[in-house]
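Shown next, in structure tokens, is the structure this report addresses.
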Amino acid sequence: MSFPLLTATAVLPAIGAIATAAVPAARRTAAKWLALLVSLATLALAITVLVRFDPDGERYQLTESHAWIADFGVRYELGVDGIGVALLALTALLIPFIILAGWHDADPLETGNKRWRPTQGFFALILAVEAMVIISFEATDVFLFYIFFEAMLIPMYFLIGGFGDRAHAGSDEKAAAQRSYAAVKFLLYNLVGGLIMLAAVIGLYVVAGNFSLQEIAEARANGTLDMATNTERWLFLGFFFAFAVKAPLWPLHTWLPNAMGEATAPVAVLITAVVDKVGTFAMLRFCLQLFPEASKWATPAILVLAVISIIYGALLAVGQRDIKRLVAYASISHFGFIIMGIFAMTSQGQSGATLYMVNHGISTAALMLVAGFLISRRGSRLIADYGGVQKVAPVLAGTFLIGGLATLSLPGLAPFVSEFLVLVGTFARYPVIGIIATFGIVLAALYTLVLYQRTMTGPVKPEVSAMPDLRMRELVVVAPLVVLLIFLGVYPKPVTDIVNPAVKSTMSDVHKKDPKPEVEAAK
């Protein structure tokens, strides 16, 4: 048997999580280094997967298949296509930066006689989330995917509810209540979505007789599995609802600002740059492949919801006074672009949406982590508490500006290419939707530049006059992300070459071809 590379990428962080949690309480630094080394080893495995993946080869590669629950047709099946391998690499890339950025976020705090922030648990939970997200990108058995799609909620619940900003000390009962509320809201929203999906998963088994994504998709393509129209639509809605909650799509988005606002900055990045990508990825892998006709049936309504997310998220970001909630609402707007690209049913739109998932992960990580460094220095998330930071911490201000410019999709930075492809692909088939969505770009420029102007420029406020600039550890976190934003902004080909064949296969699943451009014949 060949080495089970995909299993190794998921099992390694899972074992690392157990080992990190088992480190003695007095060895906090050892636990941090162990978590970091495990994340780097996982990144090395992910790079190996990326190198061994052949974009021109079979659709699903490095496959593994073993009997699991034979009586119910459940198998342990893994495989990656171009979309899955790109997001697997993104996840493995971001986790070491998240761990480094949160190096001191879980150090114990003494409040009376009560200890807060068990360090080992914090880093173990991050590795556990990584393992579950990675196997979600690899699973080609629907039931296997569902288990980890739901299981990742448990460590995320504890990360949100158990660890808050240094601006909110553990003794602050109000802050603790807010964290608890945010964690419970996150859990309830996603549990409801998951329960509805479970009903759809069971329904799919009743119809298809197994849970294998490839077998069901092939049976649908060759006509041996013919779902009734209403059955397919109900099953599609069950899957899509769960993915729309995770994504998140308006009006199922309201858990995200609370969760990102109350979590530490690294955990906020884990939420929006890693975990939420599972929702949009699953729309491409499961909704479009398993239910092609229902996907086309639901497209108009989903596009309307996506464009509402774009405008709504951007408008609320403009009015925010809290830095982290602003980034959260900006992410809702960006996820609207991703979902719009997926359901535009064009190769440009879906390539742009996949590229957007990668680029949004990098740009949001850069902006949110620098914002976290800023907040930890001042002890406040409120925009009004800052001013003149660029005069006392120019490197911090500069990296904050680059992250902000990437968020507004400035040409030359990575998100621009993906957003442009999404808009071109959408306009080709749904011009009105594409035109309305462009207003999101204008609003993004407004909330980003206003945020920078109010925090970084103007007179230096006394509270920030002694603010230190980025330290070496923080530079190690931010600098590679900035380099990636610039590199993929001017040369996105390495990513597009990987995802385009997978997008072509997805377009074939839904029996869609790109609309021909209407060009007036030359006289």
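Residue indices begin at 1 and follow the sequence shown.
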Heavy atoms of other groups near W33 CH2, more than 12 under 6.0 Å: no
Note, I332 side chain near P257 side chain (heavy atom, < 4.5 Å): yes
Over 12 foreign heavy atoms within 6.0 Å of OH, Y452: yes
From CA spacing to verdict: side-chain contact (heavy atoms from CB on, under 4.5 Å), D322, I383: CA-CA 6 Å; D322 182 310; I383 296 171; over 6 Å; no
Interatomic distance, L484 atom CG to L413 atom CG [nearest 0.5 angstrom]: 12.0 Å
Nearest non-hydrogen partners of L6 and E138, listed with the distance: O-OE1, 3.0 Å
Near-ring test F373/F400, centroid separation under 6.0 angstrom: no
Check: T91 and K277 side chains under 4.5 Å, non-hydrogen atoms: no
Which atom of P492 lies closest to which atom of V417, heavy atoms considered: CG-CG1, 3.8 Å
Exam field: side chain T438 to backbone I435, donor-acceptor pair closer than 3.5 Å: yes
Rounded distance [0.5 Å steps], CZ in R325 versus CG in L382: 11.5 Å
Inter-residue atom distance I436.CD1 - M340.CE, 0.5 Å rounding: 10.0 Å
Gap separating the CD1 atom of I126 from the OG1 atom of T20, nearest 0.5 angstrom: 10.0 Å
T254 vs Y189, side-chain hydrogen bond (donor to acceptor under 3.5 Å, both in side chains): CA-CA, chis, key distance, verdict: CA-CA 9 Å; T254 59; Y189 268 66; 2.7 Å; yes
Exceeds 12 heavy-atom contacts within 6.0 angstrom, atom CZ of R454: no
Flag side-chain contact, heavy atom, 4.5 Å: V450 against Y447: no
Note, V395 side chain near V478 side chain (heavy atom, < 4.5 Å): no
Within 6.0 angstrom of R321 CZ, more than 12 heavy atoms from elsewhere: no
side-chain contact (heavy atoms from CB on, under 4.5 Å) partner of V269, chosen from L369, T264, V327: L369
For the student: nearest non-hydrogen atoms of S39 and I95, plus distance: CB-CG2, 3.8 Å
R285 (side chain) donor-acceptor with A139 (main chain) under 3.5 angstrom: yes
Spacing of K391 atom NZ and T457 atom OG1 [to the nearest 0.5 Å]: 8.0 Å
Heavy-atom closest contact (D385 atom, R378 atom, distance): O-NE, 3.2 Å
Under 3.5 Å: donor-acceptor pair, side chain of N190, backbone of E150: no
Whether F416 and F420 hold their rings parallel, tilted or perpendicular, with breakpoints at 30° and 60°: parallel
Heavy-atom side-chain contact between P266 and D105 under 4.5 Å: yes
Under 3.5 Å: donor-acceptor pair, side chain of T280, backbone of A247: no
Non-hydrogen atoms of K246 and W255 that approach each other most closely: O-CZ2, 3.8 Å
N/O donor-acceptor pair under 3.5 Å between R429 side chain and M345 backbone: yes
Residue pair S347 / N500, side-chain heavy-atom distance below 4.5 Å: no
Main-chain N/O of A384 paired with K461 side-chain donor or acceptor, under 3.5 Å: yes
Q350 vs L288 side-chain heavy atoms within contact, under 4.5 Å: yes
Minimum-distance pair of heavy atoms, taken over all atoms of A437 and V307: N-CG2, 3.8 Å
Heavy-atom side-chain proximity of L127 to I99 below 4.5 angstrom: yes
Whether over 12 other heavy atoms sit under 6.0 Å from Y312 OH: yes
Salt bridge (Lys or Arg N to Asp or Glu O under 4.0 Å) between E474 and R377, intermediate numbers included: CA-CA 12 Å; E474 296 165 336; R377 285 158 165 75; 2.7 Å; yes
Positive for ring pair (Phe, Tyr, Trp, His ring centres under 6.0 Å) with F281, one of F149, F137, F145, Y356: F137
